Amino acid sequence: MVALTVAVVLVVAAAGLLRWRRPAWYWLTFGVTLASLRVLVRYASVMDACGLTVPPSRWRLALARMTNRPAPESRPPRILRFRPTRTGLVLRLGLRPGQDAFDVAAASDRLRHSFSMYGVTSRELRSGVVEVRMTGYDVLKRVQMPAKVDTRPMRVPVALREDGSVHYRDYPAVPHALTLGATGSGKSVYQRNLVAGLAPMDVALVGIDCKQGVELFPLARRFSALADNPDTAAELLDVLVSRMEGIYQLIRAEQRITAAVPDAEIAADIWDLPDHLRPVPVVVLVDEVAELALFASKDEEKRRDRIITALVRLAQLGRAAGIYLEICGQRFGSELGKGITMLRAQLTGRTAHRVNDETSANMAFGDISPDAVLAAIQIPAELRGLAIAGDSTGGWHRIRAPHTSLRQAVNTCNRHADRTPDLPELAPFRPELAATAATAVPLSKTAPATA
């Protein structure tokens, strides 16, 4: 008896220590079993208390009266699937007649308290079926990406969501994106994860870093073109616009719209072209968009209008030509001048780290969801890397990218430097890497003057 008591005390102590120091280990050893039992035992009563039950149907009441039996109780949603995961539990619920997916979403906070879980989120899979994801601990406190992720061409896992799922930067689905964040908010780490994820893929990376290249130049071995000042950026964007127009001419030449050609073989973008004709997709990363929009003289204003016009054209027309935009900045507001809101409208993906003002959060999510704006301005300063990610559908999530040091990102880019495509039109902007300590070498060659 004494040995059993000592063993129980040791197990309880070990569980408490794991829950305090290693919540992920605690969940995998003790938490998942206890939480599963708690949810299954309390399910009917919790759903009734949260208002997620429906009264019995008329035919069941009539049958009970005919057989002189007690009236049947209200029925909760059916559990179609129950699956434990490494971060929590996933329930797939079949809604009863009269119930709506919004009812489950509105009761998420009550379900979290009732089941003693850390977080509860829900989403509608199809008509009448809702998936409820419960997390057993704070997965964003210490981000650990799963060992296996769903990797596809032009689809990069960049962060972890608060429900334990992986957040992907999916270029075919969301071609252009806006990323905001104040100094020290974790925006640079998010950008490093994105570049490190793109490095092993067959894609050309083009960077515009007006901070003299301090953010992107260490990764230059994987970049096909880099610009470190607004003048070079203007020339580079003009070349990209010309490349886009040339690709459209190629697509038109290969469409072959005749009665003998099946609809599936008619080319409408670069992904419909044969492999030997398909141009390399290009991802353009703009590190600080405000530096491209500011001006102090008439000449700088003309350059600014030229840059913003090129960005808007690439955002409107670049997807089919395989040109994707990643616009980053500390500040993004309408005071940056004409064309900024037009550019914002074309950036479907939105990610906001901690921002210093509500206006930037409104520019990111004001046209998507007021709740996302409120969540973005409430990000605490001590949680670097925490961000709100949303898109034009109105859905949004809290995400956090795993910490990737600059050395790790540099090593990844150097390891895949052989994948850097050599595009002739971008050759004048190819970064020069033979820098010496005695003399300062410019980040990129001077762009050729245009007539």
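The figures here come from the full heavy-atom set of this structure, side chains too, leaving out hydrogens, waters and symmetry mates. Quick caveat, the model's predicted, so the values are computed rather than measured.
Contact record, Asp150 with Tyr168: N-OH, 2.8 Å, taken as the closest heavy-atom pair. Taking every heavy atom of both residues into account, Ala107 and Leu52 meet most closely at CB-CD1, 4.0 Å. When every heavy atom of Ala101 is checked against every heavy atom of Val130, the shortest pair comes out as CB-CG2, 3.8 Å.
Counting heavy atoms from C-beta on, the side chains of Cys328 and Val289 never come closer than 4.5 Å. Contact of the Cys50 side chain with the Leu111 side chain is registered, since non-hydrogen atoms from C-beta on lie closer than 4.5 Å. Residues Thr351 and Ile388 are not in side-chain contact: their nearest non-hydrogen atoms beyond the backbone lie 4.5 Å or more apart. Considering only heavy atoms from C-beta on, Leu285 comes within 4.5 Å of Leu194 through its side chain. Two residues are said to be in side-chain contact when any heavy atoms from C-beta on lie closer than 4.5 Å; Arg304 and Lys338 meet this criterion. In this structure, the side chains of Leu198 and Val283 come closer than 4.5 Å at one or more pairs of heavy atoms. Considering only heavy atoms from C-beta on, Val132 comes within 4.5 Å of Val104 through its side chain. With a 4.5 Å cut-off on side-chain heavy atoms, Phe223 and Val206 do not count as touching.
Thr359 and Asn362 share no side-chain donor-acceptor pair at under 3.5 Å. Donor-acceptor pairing under 3.5 Å is lacking for the side chains of Thr404 and Arg192. Thr135 and Glu162 are not linked by any side-chain donor-acceptor pair at a separation below 3.5 angstrom, with hydrogens and angles left out of the test. Side-chain contact annotation: Arg407 with Asn411, donor-acceptor N/O pair under 3.5 Å present.
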Open item on the list: Go through it in stages, so that I can follow the logic: the residues are Leu180 and Arg354, the test is side-chain contact (heavy atoms from CB on, under 4.5 Å), and I'd like the CA-CA distance, side-chain angles, deciding distance and then a yes or no.
Closed with: CA-CA 8 Å; Leu180 301 177; Arg354 177 180 55 83; over 6 Å; no
Task: From CA spacing to verdict: salt bridge (Lys or Arg N to Asp or Glu O under 4.0 Å), Lys302, Asp305 - done: CA-CA 5 Å; Lys302 293 180 181 179; Asp305 293 341; over 6 Å; no
Task: From CA spacing to verdict: side-chain contact (heavy atoms from CB on, under 4.5 Å), Val282, Arg243 - done: CA-CA 10 Å; Val282 177; Arg243 173 183 170 84; 3.7 Å; yes
TODO: Give the C-alpha distance, both sets of side-chain angles, the deciding distance and a yes or no for side-chain contact (heavy atoms from CB on, under 4.5 Å) between Asp202 and Arg419.
DONE: CA-CA 7 Å; Asp202 295 325; Arg419 288 184 171 270; 2.6 Å; yes
- [ ] Give the intermediate values and the outcome of salt bridge (Lys or Arg N to Asp or Glu O under 4.0 Å) for residues Glu131 and Arg133.
- [x] CA-CA 6 Å; Glu131 183 182 79; Arg133 301 184 70 95; 3.7 Å; yes
Task: side-chain contact (heavy atoms from CB on, under 4.5 Å) evaluation trace for Val195 with Arg222 - done: CA-CA 9 Å; Val195 174; Arg222 188 55 185 86; 5.6 Å; no
TODO: Go through the steps to decide whether Gln330 and Thr183 satisfy the test side-chain hydrogen bond (donor to acceptor under 3.5 Å, both in side chains), and finish with yes or no.
DONE: CA-CA 7 Å; Gln330 300 180 29; Thr183 301; 3.1 Å; yes
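Counted within 6.0 Å of OH on Tyr118, heavy atoms from surrounding residues, nucleotides or ligands total 12 or fewer; the atom is thus considered open. Summarising the local packing, CZ of Arg319 is surrounded by 12 or fewer heavy atoms from other residues, nucleotides or ligands at distances under 6.0 Å. Other residues, nucleotides and ligands place no more than 12 heavy atoms under 6.0 Å from the CZ atom of Arg384. By the neighbour-count criterion of 12 heavy atoms within 6.0 Å, atom CE of Met342 is sparsely surrounded, having that number or fewer from other residues, nucleotides or ligands. In Arg221, the CZ atom is not crowded: 12 or fewer heavy atoms of neighbouring residues, nucleotides or ligands sit closer than 6.0 Å. In the displayed structure, Phe102 atom CZ is contacted under 6.0 Å by at most 12 heavy atoms of other residues, nucleotides or ligands.
Proximity of a side-chain donor or acceptor of Arg350 to a complementary backbone N or O of Leu178 within less than 3.5 Å is not detected. Arg161 places no side-chain N or O within 3.5 Å of a backbone atom of His397 that could act as its donor or acceptor partner. A donor-acceptor contact shorter than 3.5 Å links the side chain of Trp27 to the backbone of Thr85. Side chain of Ser114 to backbone of Arg110: a donor-acceptor contact under 3.5 angstrom is found. No side-chain donor-acceptor contact under 3.5 Å links Glu326 to the backbone of Val286. Asp231 contributes no side-chain N or O that, together with a main-chain N or O of Ala234, makes up a donor-acceptor pair within less than 3.5 Å. Side chain of Ser369 to backbone of Phe365: no donor-acceptor contact under 3.5 angstrom is found. A donor-acceptor pair under 3.5 Å is formed between the side chain of Asn193 and the backbone N or O of Pro402. The main-chain N or O of Val32 is found under 3.5 Å from a side-chain atom of Ser36 such that the two form a donor-acceptor pair. In this structure, the side chain of Gln316 does not engage the main chain of Arg313 through any donor-acceptor pair within 3.5 Å.
One finds the CE atom of Met363 at 10.5 Å from the CG atom of Asp357 (value rounded to the nearest 0.5 Å). Between atom CD1 of residue Ile327 and atom CD1 of residue Ile340 there is a gap of 9.0 Å, rounded to the nearest 0.5 Å. To the nearest 0.5 Å, atom CG of residue Leu216 and atom CG of residue Asp209 are 4.5 Å apart. Interatomic distance, OH of Tyr137 versus OG1 of Thr87, reported as 5.5 Å (0.5 Å rounding). In this structure, Ser360 OG and Arg331 CZ are separated by 4.0 Å, a value rounded to the nearest 0.5 Å. Rounded to the nearest 0.5 Å, atoms CG (Leu91) and CG (Leu80) are 9.5 Å apart.
Scored by the side chain to side chain contact (heavy atoms under 4.5 Å, CB included) test, Glu300 finds Phe295, Ala296, Ser297, Arg303 as partners (sequence neighbours excluded).
For the pair Arg169 and Tyr171, the cation-pi test (distance below 6.0 Å, angle within 45°) is passed.
Checked for salt-bridge contact, Arg112 and Asp109 meet the test: a charged N lies under 4.0 Å from a carboxylate O. Under a 4.0 Å N-O distance rule, the pair Arg306/Glu235 qualifies as a salt bridge. In summary, Arg398 and Asp163 do not engage in a salt bridge, as defined by a charged side-chain N under 4.0 Å from a carboxylate O.
Relative orientation of the Tyr324 and His176 rings is tilted, given thresholds of 30° and 60° on the angle between their planes.
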